[in-house]
Peer 1: 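First the structure, then my questions, so here it is.
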Amino acid sequence: MPDPAVVVAQRVAAAVAQLYPDVTEDLDTAARPSERADAQVNVAMGLARLVGKKPHDVAEGIAVALDLRGICSEVTVAGPGFLNLTYDNDYLGALLHDAARDPNLGVHRAATTETVVIDYSAPNVAKEMHVGHLRSTVIGDALVRMCEAVGHRVIRENHIGDWGTPFGMLIEHLIDLGEVDAARELSVGDLDGFYKQARAKFEALPEFQQRARERVVLLQGGDADTLRLWKLLVAESARYFATVYEKLGVKLTDADLRGESVYNDLLVSVVTRLRDAKLLVTDNGAEVVFPAGFTNRDNAPLPLIIRKQDGGYNYATTDLACVIDRVEHLRATLMLYVVGTPQAQHLSMIEAVARDAGWLPESTRMAHVAFGSVLGSDRKMLKSRTGDSVKLVELLDEAVQRAEASIAEKNPELPVADRQRVARMIGIGAVKYADLSSDRIKDYVFDWERMLSFDGNTAPYLQYAHARICSIFRRAGSTREATRQTTPVLSHPSEHALALWLLQYDSAVWDALERYSPHRLCTYLYELSTRYTSFYEKCPVLKAESEVMRDSRLALCDLTARILADGLQMLGIDAPEQM
RNA sequence: GACCCCGUAGCUCAAUUGGAAGAGCAACGGACUUCUAAUCCGUAGGUUGCAGGUUCGAUUCCUGCCGGGGUCGCCA
């Protein structure tokens, strides 16, 4: 389906070529969204300098030469030389009809199918998931959905912390409790308690500490009984993670778990391959690599530590093994790391070393999808009243509870069974949307009132717009599918404004995807909702003045609802039909 | 000390890769015998941290300051 802006840009380029055949420079002929018109073209300003004329005169000339019959109803010159365009209503109507018949609602597929490995969520075994896992999980899930929506092959990887020295202590604690009791404690989700008890014993009892140390050695040595206990811990944690993901409504499953331990057997080869590549250096008893361009506080080269003094490996080694695995076995062409900003330097060192070692071909891109922290109203990292980190499950439960109370108050007619189902969609949706709707690189302030509000850029506002449309169709007596035969006729300005925005879904999705910035899709959907509600207030649908107008408006409603639901789905948010 | 990120209306945030600074709250004024008023319409609100530079044009790019956060070798 042709994007109107693309068609216009081509016509503008043609007009310029005709008027100024001698100009060979690349010109910005793009038609951009504008506050003052449907689109604006800014080519005249740059061109004026090249041809030595006034921008306004150049713009006038282009406006005259420009052939936009059947596309634009008006072209005006404004300001220093902006071309303001108004699209023709019949043209927009025809494009809407195309979009409505497209199962992808106008969103074009990727020209080349990428194999995208997305690394996100990454909780720790035997530890509670807390608010610190929210952003990675939610942003990662949205990116998974967006990539899939345009046809990429997506591999989800949940890189859980299932290895390392803490497991000596955890396994010993498990033994102390007895396997049966320990499993029960873990399965009810009291991971925090389990971990804290183990930690406390480790710090207080030298005897326990000794056992824990010995247990680490057994674990690393592959002792069968120790491995069995370790697997028990991992399995119980996985079961717990699954319940959290279920509650949160993200696509992660057990099949996506790739614990650090998976890479254990590859760590030796990371070392040998780095040594063969002549990158490995022994420094202070550790085996390290010095990638170019990284310095420490003394301005000396900063190493990436591959093997510690004590012979153990650390996370840099695992991360490098991951890169090898993703490139050589999974054939990744794009690797996304959805992890917090503090890891920026670490990841760029990993990339530098992997490139130096020849493990990362030019054709494979690696991107750090970084994000800021969730803050409390005091603008510090969000903590519970007791000062602990906020448990993710408790946060989500509270969201659903608050949503349910809100529904009970505002729509008492909704049956209780529906109320609970809808409360989940609204509560969870509100939390996710609050996380996704602001620029991920920045911190954001967690605020129940604001995220659950029906005003402003919130999930409930978008969901409400969707629910109102569904309500219209329940009364309309016609099916949603039937409206897709109709070519909308746009007469009212708010119909025109809505139509224009509906046609930009494709570019909104791609814009968000290319920047790995879901908030851009949020902004689009919010603007779509405001344009729809504005239309809703001004243009009666079921009581439209004519049958033609009624059908036309139903078609606009249907397409709006589909794009809202589809867009929210890409963000991992459900759109209830009633609320 | 070095490097990275952030700084936009009173508050919370946008701004499509250099194009005419926009929303929502809060404030004020309007609109429900109406398809869900859980909403809408209007008014007001700005030296985009500061100072330079590049450009026809800078919130955006460059330099230097100020303020906040982060990172800087054996945790992940």
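No experiment lies behind these values; they were computed from the predicted model shown. Each chain gets a letter, A, B and so on, in the order its sequence line appears, and its residues count up from 1.
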Peer 1: Between protein and nucleotides 67-76 of chain B, map the contacts as a letter string: B base, S sugar-phosphate only, - none, heavy atoms under 4.0 Å, written 5' to 3'.
Peer 2: ---SSBBBSB

Peer 1: Given pairs defined as Watson-Crick or G-U wobble with both distances under 3.5 Å, what dot-bracket annotation applies to RNA chain B, with ( ) intrastrand, [ ] crossing, | other strand and . unpaired?
Peer 2: (((((((..((((.....[..)))).(((((.......))))).....(((((..]....))))))))))))....

Peer 1: Under 4.0 Å between a Lys/Arg side-chain N and an Asp/Glu carboxylate O for A:Arg258 and A:Asp325?
Peer 2: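 Counted as a salt bridge, because a side-chain N and a carboxylate O are separated by less than 4.0 Å.
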
Peer 1: Centroid-to-centroid, A:Phe535 to A:His492, below 6.0 Å?
Peer 2: no

Peer 1: Please state how far atom CZ in A:Arg379 lies from atom P in B:C11, giving the value in whole angstrom units.
Peer 2: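 Atom CZ in A:Arg379 sits about 10 Å away from atom P in B:C11.
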
Peer 1: Would you classify A:Gln578 as touching base, sugar-phosphate or nothing, given that sugar-phosphate means primed atoms plus P, OP1 and OP2, and contacts are heavy atoms under 4.0 Å?
Peer 2: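 The answer is base, as A:Gln578 lies within the cut-off (heavy atoms under 4.0 Å) of a base atom.
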
Peer 1: Examine B:A14: is either OP1 or OP2 under 4.0 Å from a nitrogen or oxygen in the side chain of A:Lys442? Give yes or no.
Peer 2: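 Yes, A:Lys442 has a side-chain N/O under 4.0 Å of OP1/OP2 on B:A14.
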
Peer 1: Report yes if the side chains of A:Glu527 and A:Thr523 come closer than 4.5 Å at any heavy-atom pair, otherwise no.
Peer 2: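 Heavy-atom side-chain distance check fails, nothing below 4.5 Å.
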
Peer 1: Report yes if at least one side-chain N or O of A:Arg468 is closer than 4.0 Å to OP1 or OP2 of B:A37; otherwise report no.
Peer 2: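 Answer yes for this pair, as a side-chain N or O of A:Arg468 is under 4.0 Å from OP1 or OP2.
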
Peer 1: Please check: side-chain N/O of A:His496 versus main-chain N/O of A:Ser491, any donor-acceptor pairing under 3.5 Å?
Peer 2: no

Peer 1: Could you identify which residues of residues 75-86 of chain A place a heavy atom less than 4.0 Å from some atom of RNA chain B, listed by residue number, or say none?
Peer 2: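 Within residues 75-86 of chain A, the residues near RNA chain B are A:Ala78, A:Gly79, A:Phe82, A:Asn84.
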
Peer 1: Between A:Tyr536 and A:Tyr532, how do the two ring planes meet: parallel, tilted or perpendicular, split at 30° and 60°?
Peer 2: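 Ring orientation, 0 to 90° scale: tilted.
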
Peer 1: Over 60° means perpendicular and under 30° means parallel, so tell me whether A:Trp230 and A:Trp163 are parallel, tilted or perpendicular.
Peer 2: perpendicular

Peer 1: Could you tell me whether A:Arg36 contacts a base, only the sugar-phosphate backbone, or nothing, with contacts defined as non-hydrogen atoms closer than 4.0 Å?
Peer 2: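 Since a base atom lies under 4.0 Å of A:Arg36, the category is base.
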
Peer 1: Give one of base, sugar-phosphate or nothing for A:Asn42, where a contact means two heavy atoms less than 4.0 Å apart.
Peer 2: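 Counting heavy atoms under 4.0 Å across all strands, the contact made by A:Asn42 includes a base.
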
Peer 1: CG of A:Asp439 versus P of B:U17: gap in Å, rounded?
Peer 2: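 Going from A:Asp439 (CG) to B:U17 (P), I get 15 Å.
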
Peer 1: Taking the minimum atom-to-atom distance to the side chain of A:Tyr526, which one of B:A23, B:U39, B:C41 wins?
Peer 2: B:A23

Peer 1: Calculate the interatomic distance between A:Tyr524 atom OH and B:U16 atom C1'; express it in whole Å.
Peer 2: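 Going from A:Tyr524 (OH) to B:U16 (C1'), I get 14 Å.
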
Peer 1: Need the glycosidic conformation of B:C32: syn if within 90° of 0, anti if not. Which one?
Peer 2: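 With its glycosidic angle within 90° of zero, B:C32 counts as syn.
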
Peer 1: Would A:Asp435 and A:Lys432 pass as an ion pair if we require N to O under 4.0 Å?
Peer 2: no

Peer 1: When you measure from the centre of the six-membered ring of A:Phe371, is the NZ or CZ of A:Arg440 closer than 6.0 Å and no more than 45° off the axis?
Peer 2: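 Not flagged: A:Arg440 not positioned over aromatic ring of A:Phe371.
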
Peer 1: Are A:Arg520 and B:U16 close enough that a side-chain N or O sits under 4.0 Å from OP1 or OP2?
Peer 2: yes

Peer 1: Verify whether the ring centers belonging to A:Tyr464 and A:Tyr461 lie closer than 6.0 Å.
Peer 2: no

Peer 1: Is the centre of the A:His133 ring less than 6.0 Å from the centre of the A:Phe241 ring?
Peer 2: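 Distance test on ring centres: not under 6.0 Å, no.
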
Peer 1: If you look at every strand shown and take non-hydrogen atoms under 4.0 Å, does A:Val445 touch a base, only sugar-phosphate, or nothing?
Peer 2: sugar-phosphate

Peer 1: Before accepting this row, confirm whether a basic side-chain N of the pair A:Arg450/A:Asp447 lies closer than 4.0 Å to the acidic partner's carboxylate O.
Peer 2: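 Counted as a salt bridge, because a side-chain N and a carboxylate O are separated by less than 4.0 Å.
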
Peer 1: List the atom of A:Tyr505, the atom of A:Met570, and the distance in Å for their closest heavy-atom pair.
Peer 2: OH-CE, 3.3 Å

Peer 1: Check the distance between B:G30's C1' and A:Lys538's NZ and give it to me in whole angstrom.
Peer 2: 14 Å

Peer 1: Would you indicate which nucleotide in B:C41, B:A14, B:A38 comes nearest to any side-chain atom of A:Ser534?
Peer 2: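 That would be B:C41.
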
